[in-house]
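One structure is given here, and the rest of the page talks about it.
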There are 2 protein chains.
Amino acid sequence: MRNKYIQIYKDIVDDITKATYQPQTLLPSEHELMDKYGTSRETIRKALTLLAQNGFIQKVQGKGSIVLDTPRFDFPISGLVSFKELANQLGENHKTIVEKLELLPPTEDMKGILQIDSSEEMVWEVQRVREIDDEKIILDKDYIKSSKVEKLSREVCASSIYEYIEGELGLTISFAKKEITVEEPTKEDRNLLDLEGFSNVVVVKNYVYLEDASIFQYTESRHRPDKFRFVDFARRTKN
Amino acid sequence: MRNKYIQIYKDIVDDITKATYQPQTLLPSEHELMDKYGTSRETIRKALTLLAQNGFIQKVQGKGSIVLDTPRFDFPISGLVSFKELANQLGENHKTIVEKLELLPPTEDMKGILQIDSSEEMVWEVQRVREIDDEKIILDKDYIKSSKVEKLSREVCASSIYEYIEGELGLTISFAKKEITVEEPTKEDRNLLDLEGFSNVVVVKNYVYLEDASIFQYTESRHRPDKFRFVDFARRTKN
DNA sequence: CAGTGGTCTAGACCACGAA
DNA sequence: TCGTGGTCTAGACCACTGA
């Protein structure tokens with residue numbers, strides 16, 4: 001069986017979420033887990049390291065691994081979560097309106113951001129408004145390199161660009177750099193969103209990279225402030 | 001030498017920041033690094049895993065480890081960074097004003113947040129205003145369990161509570177859960193901060209845990225929106 | 001095909017916590 | 001002291017990339 005440590009990881013995640021292993025108690029020791037899963041200690045340790053990274057346990061030397069009760073659900077925008085997942089999690093009535101879908105030559109700014117050298121490369125510009133409970137809450141402005149994604153349709157934009165890219169095109173998104181600031185709404189924001197009296201929008205800038213470390217997309221997500229929420233779990237790393 | 005893999009990690013970080021290893025090029029292979037550092041492959045791999053987690057490299061199977069140029073500096077509030085580090089990074093003229101320092105019985109809310117059972121446990125309430133370039137920008141409201149920190153002085157609060165706790169008291173902070181939202185300013189915010197015309201504050205709620213997975217502090221950081229910036233680096237994890 | 005990284009093993013020794 | 005997790009090793013086999 002390949003990826004034994006991931007199987008073990010999932011198995012223990014199950015046991016934690018089903019409360020077979022209770023919060024604030026100790027997991028079985030690594031030696032006991034070796035016996036239980038019939039594997040070597042390093043493999044058990046890989047599974048435990050994954051659990052710790054994802055906030056399920058806390059390892060304490062000389063003592064054991066403590067099961068955490070930090071509620072790990074409700075991660076609306078953390079990591080690489082897309083709007084589709086977000087909306088599903090919220091379980092609310094949601095809709096996506098594609099305001100713009102064009103293949104254009106990049107501005108100088110965008111050439112810098114997307115690391116475009118060639119004078120021929122074009123950029124997909126997509127603008128989508130996210131509506132939740134009949135209120136236009138989020139404006140997503142995407143810029144995608146045409147060399148990575150040749151075709152793009154309104155249908156794909158309305159459901160999920162990520163599913164298309166990872167499913168149909170077989171590309172793998174690997175990491176992202178995110179920057180959150182608060183700005184005054186632009187005229188565009190006011191036109192496209194139900195901003196009512198709000199005098200700020202929360203801007204999430206997202207630089208998205210593929211497996212080979214090449215940038216492939218820049219997204220600017222502009223949120224009405226009252227509906228914005230960002231959750232983060234940070235573990236102190238060694239030195 | 002203990003912690004060989006951390007030494008190797010730091011050494012390679014140096015080589016990357018000094019551009020000995022150039023962005024977008026490949027690191028030496030794991031086998032070559034084994035020879036260079038005279039160690040086993042798993043140890044090299046631990047160092048490389050750390051580099052990947054911290055955004056310095058991207059590992060690609062069958063190919064090698066790509067050096068990233070994602071500028072990893074400018075992380076104002078990411079992770080567990082304290083105000084002192086933030087201010088130092090900004091290199092600006094800054095000051096901390098201790099508005100409040102009291103040992104009080106906890107409210108019911110705070111009992112829940114800090115997981116207090118005993119009817120005797122008290123809570124330190126600290127309020128500090130952060131001034132940068134003569135503008136009062138941030139209001140930090142800390143709540144600390146008296147069972148973890150018995151004494152606390154205005155001097156400690158004015159410099160760095162974390163340095164006191166980790167240095168003097170020998171406690172180790174291990175992880176934190178952070179939640180970012182945008183709210184309307186309270187009267188308190190208006191009184192203590194230079195909010196001028198701003199109609200929002202950015203609220204960062206921080207739940208801070210020690211090594212043994214016990215919660216020890218809750219902090220609410222209230223920022224003037226124009227000075228707020230949060231940077232995050234997210235790597236997609238396996239399943 | 002050769003070279004790369006990914007997984008796994010069996011065993012060793014060390015550092016730390018609790019009794 | 002004993003049981004825990006932390007580090008390290010030498011070697012094996014597999015999966016992927018690119019020529």
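Convention: sequence-line order gives letters A, B, ...; per-chain numbering from 1.
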Subject >> Short side-chain N/O contact from Ser29(A) to OP1 or OP2 of dG3(D), under 4.0 Å >> reply: no

Original post:
Between dC8(D) and Tyr5(B), is there an OP1 or OP2 to side-chain N/O distance shorter than 4.0 Å?
Top reply: no

**OP:** Find the distance Glu30(A):CD to dG17(C):P and express it as a whole number of Å.
**Re:** 16 Å

Original post:
Would you say a side-chain N or O of Asn3(A) is under 4.0 Å from OP1 or OP2 of dG6(C)?
Top reply: no

Original post:
Side chain of Ser40(B): nearest nucleotide among dG5(C), dC8(D), dT7(D)?
Top reply: dC8(D)

**OP:** Assign the ring pair Phe233(B) / Phe175(A) to parallel, tilted or perpendicular, where the plane angle (0 to 90°) is split at 30° and 60°.
**Re:** tilted

**OP:** Compute both the distance and the angle, then confirm whether Lys148(A) meets the cation-pi test with Phe216(A): under 6.0 Å from the six-membered ring centre, within 45 degrees of the axis.
**Re:** no

Original post:
Atom CZ of Arg45(B) to atom P of dC14(D): distance rounded to whole Å?
Top reply: 17 Å

Subject >> For atom CD of Gln7(B) and atom C1' of dC8(D), their distance in whole Å >> reply: 14 Å

Original post:
Which residue lies toward the 5' end of DNA chain C, Glu211(B) or Gly64(B), if each is placed at its nearest nucleotide?
Top reply: Gly64(B)

**OP:** Would you kindly give the CG-to-P distance between Leu26(B) and dC16(D), to the nearest whole Å?
**Re:** 19 Å

Original post:
Which nucleotide, dT9(C), dG17(C), dG5(D), lies nearest any side-chain atom of Lys63(A)?
Top reply: dG17(C)

Original post:
Is any side-chain N or O of Thr43(B) closer than 4.0 Å to OP1 or OP2 of dT9(D)?
Top reply: yes

**OP:** By nearest nucleotide on DNA chain D, pick out whichever of Lys46(B) and Gly62(A) is the more 5' one.
**Re:** Gly62(A)

Original post:
Expressed in angstrom and rounded to an integer, what is the separation of Ile6(A) atom CD1 from dT7(C) atom C1'?
Top reply: 10 Å

**OP:** Nearest whole angstrom, please: distance from the P of dG5(C) to the NE2 of His31(B).
**Re:** 11 Å

Subject >> Nearest-nucleotide pick for Gln61(B), side chain only, options being dG5(C), dT7(C), dG5(D) >> reply: dG5(C)

Subject >> The single option from Gln127(A), Arg128(A), Arg130(A) passing side chain to side chain donor-acceptor pair (under 3.5 Å) against Asp140(A) >> reply: Arg130(A)

Original post:
Does any N or O in the side chain of Gln22(B) come within less than 3.5 Å of the main-chain N or O of Ala19(B), such that one atom is a donor and the other an acceptor?
Top reply: yes

Original post:
Is it true that atom NZ of Lys100(B) has more than 12 heavy atoms of other residues, nucleotides or ligands lying nearer than 6.0 Å?
Top reply: yes

Original post:
Taking only N and O in the side chain of Thr39(B), is any of them less than 4.0 Å away from OP1 or OP2 of dC8(D)?
Top reply: no

Original post:
Rounded to whole angstrom units, what separation is found between the CD1 atom of Ile44(B) and the C1' atom of dG11(D)?
Top reply: 16 Å

Original post:
Taking atom C1' of dT17(D) as reference, at what distance in whole Å does atom CG of Asp212(A) sit?
Top reply: 12 Å

Original post:
Between Lys59(B) and dT4(C), does any side-chain N or O lie under 4.0 Å from OP1 or OP2?
Top reply: no

